Amino acid sequence: MAPSSGPDGARRRILAVANQKGGVGKTTTTINLAAALAEQGRRVLIVDLDPQGNASTGLGIESARRARSSYDLLVGQEEAAGLVQATAQSNLGVIPATGDLASADVELVEDPARARRLQRSLRDPGLLEAWDYIVIDCPPSLNLLTVNAMAAADAVLVPLQCEFFAMEGLSQLLTTIREIRRGLNPGLAIEGVVLTMYDRRNNLSDLVARDVRANLGDVVYRTVIPRNVRLSEAPSYALPAIVYDSNSTGSLAYRALARELLERGARAAA
Ligand code: ADP
Ligand code: MG
């Protein structure tokens, strides 16, 4: 087993949840996949890398607890361990985001290694010892923030909304991943593609799901995340849906996704 392997033998421990489209379920997936992994006994750290801070809000991190944030991690190069805030789950932590993250690309323009700043911060043996998984919630763009996340990650997890233009933009995302592999992070894998907001009453959802599977094959998770109002309500209660309504169809789906991710990790390690 490689020294960097996690408890599941998984070599992919830092995950960037990315898709440059907004509203496809990145933040919902980050929160609930992380919460489901935490529920299954893993120690999980979420890094909120979206200046909108939706993951931080959804986890109940009020502004008083955002004085220190992922901005300090990226721009200040502060030690990650000192920036972690607690959540409702004891083994789920978060480094919250604030709006000042939006100007990071301008502030870092003079740093020739600006794309590697998060990589430097997260590839810290102490941090990797403390957490089994680090899940990075990316902004809806392929900007410097997302590039930093992909440079730091072992793998990219792509939420894809079951809608007509689902595949549109995906080739651009895949091109970016290839470019990152060529330079910043040769080992970057694609963890998987997860179909979100699936509506079984809508034929289009089914059509899109089949089309995506036909195009992308096994990289698409068997688990599909249904459209479920509990998933969209939970953030206003400052809780993951997994905690807010443990038996909702959305929670069950994210739990299944977590299991599938762990199985894939175990298989990859075998
Ligand atoms: P992104 O982070 O990609 O912008 P979000 O996770 O914030 O996307 O989701 C966009 C909106 O859709 C949010 O209001 C969220 O609550 C809602 N949403 C996400 N996934 C689902 C789902 N499976 N069912 C119902 N609503 C969802
Ligand atoms: Mg988001």
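Bear in mind the structure is a predicted one, so any value in this text is a computation, not a measurement. The figures here come from the full heavy-atom set of this structure, side chains too, leaving out hydrogens, waters and symmetry mates. As the structure lists them, so they are numbered: ligands from 1, and atoms in each ligand from 1.
- In this structure, the protein non-hydrogen atom closest to atom 8 (O) of ligand 1 is G25 N, 3.0 Å.
- None of the N, O or S atoms belonging to T30 lies under 2.8 Å away from the Mg ion (ligand 2).
- Between K21 and ligand 1, a contact under 3.5 Å exists for no N or O pair.
- Taking any N or O of T28, backbone or side chain, at least one lies under 3.5 Å from an N or O belonging to ligand 1.
- The contact set between ligand 1 and L231, taken as ligand atoms under 4.0 Å from a residue heavy atom, comprises 22 (C), 23 (N).
- For atom 26 (N) of ligand 1, the closest heavy atom belonging to the protein is S232 CB, 3.7 Å.
- Looking at P226 against ligand 1, only its backbone comes within 4.0 Å, counting heavy atoms.
- Looking at atom 7 (O) of ligand 1, its nearest protein heavy atom turns out to be T27 CB, 3.9 Å.
- Distances from ligand 1 to the non-hydrogen atoms of T196 include no value under 4.0 Å.
- Among protein heavy atoms, the minimum distance from atom 21 (C) of ligand 1 is reached at M197 CG, 3.5 Å.
- Protein heavy atoms are absent from the 4.0 Å sphere centred on atom 11 (C) of ligand 1.
- Relative to atom 25 (C) of ligand 1, the option among N228, N54, D137 with the closest non-hydrogen atom is N228.
- For atom 4 (O) of ligand 1, the nearest protein heavy atom (residue, atom name, distance) is G23 N, 2.7 Å.
- Of the N or O atoms in V24, one or more lie within a sub-3.5 Å distance of an N or O in ligand 1.
- Atom 14 (O) of ligand 1 lies below 4.0 Å from none of the non-hydrogen atoms of the protein.
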